[in-house]
Amino acid sequence: MAIDEIIEEVRANREAHAANFNYDLRAIYEDLKRSEKEHIDNGRPFVEPPIKQASANKSLHRTTAPLPLHSSR
């Protein structure tokens, strides 16, 4: 499989960003939110991601009627 240079660059940037915050997820999140607010305050457009409706997990639903329980007494 070929190494995608763009993917490698994104991963390296993500690793460097995480390392700057000692891999603290709260600190990383707060930095991303600060950066987002800064971009919005500077007039850059921000598009909210669409809300995806949750669907039922059909893999856990029965596909047939349950088998009757029989007593062996």
Side-chain angles (χ1 to χ4, degrees):
M1 184 169 145
I3 296 175
D4 187 327
E5 293 175 16
I6 294 172
I7 298 297
E8 290 301 316
E9 182 178 348
V10 168
R11 288 178 178 162
N13 287 334
R14 183 180 60 202
E15 172 68 21
H17 185 252
N20 285 337
F21 294 94
N22 218 16
Y23 302 93
D24 178 358
L25 292 179
R26 174 65 60 189
I28 293 167
Y29 171 81
E30 289 172 358
D31 180 63
L32 292 172
K33 294 307 277 185
R34 180 204 50 78
S35 176
E36 178 181 289
K37 182 181 181 326
E38 184 179 300
H39 282 82
I40 291 169
D41 291 347
N42 288 333
R44 294 186 181 146
F46 181 78
V47 179
E48 291 286 340
I51 297 173
K52 183 178 178 184
Q53 296 295 324
S55 60
N57 186 344
K58 294 186 172 134
S59 65
L60 298 178
H61 291 207
R62 286 194 171 116
T63 56
T64 61
L67 296 174
L69 298 176
H70 294 289
S71 177
S72 59
R73 291 185 189 202

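Just so it is clear, the model here is predicted, and its values are computed rather than measured.
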query = In the hydrophobic clustering that connects Ile, Leu, Val, Met, Phe, Trp and Tyr at side-chain heavy-atom distances below 4.5 Å, which members other than F46 occupy its cluster, ordered by chain and number?
reply = I40

ask   = Crowded around N22 CG? As in, over 12 foreign heavy atoms under 6.0 Å?
value = no

inquiry  = By the salt bridge (charged side-chain N to carboxylate O under 4.0 Å, His left out) test, which pairs, at least two apart or in different chains, include something from residues 17-33?
reply    = D31-R34, K33-E36

query = Mind checking what makes side chain to side chain contact (heavy atoms under 4.5 Å, CB included) contact with D4, not counting sequence neighbours?
reply = I6, I7

task = Could you name each residue pair satisfying side-chain hydrogen bond (donor to acceptor under 3.5 Å, both in side chains) that touches residues 42-52, not counting sequence neighbours?
result = H39-R44

request  = Name all residues meeting the salt bridge (Lys or Arg N to Asp or Glu O under 4.0 Å) criterion together with R14; count only those two or more places apart in sequence or in a different chain, and write none if there are none.
outcome  = none

query = So with a 6.0 Å cut-off around CD of E5, is the heavy-atom count from everything else above 12?
reply = no

Closest non-hydrogen atom pair, F21 against I28 = CB-CG1, 3.8 Å

remark   = By ring-ring contact (aromatic ring centres under 6.0 Å, His included), Y29 pairs with (sequence neighbours left out) none

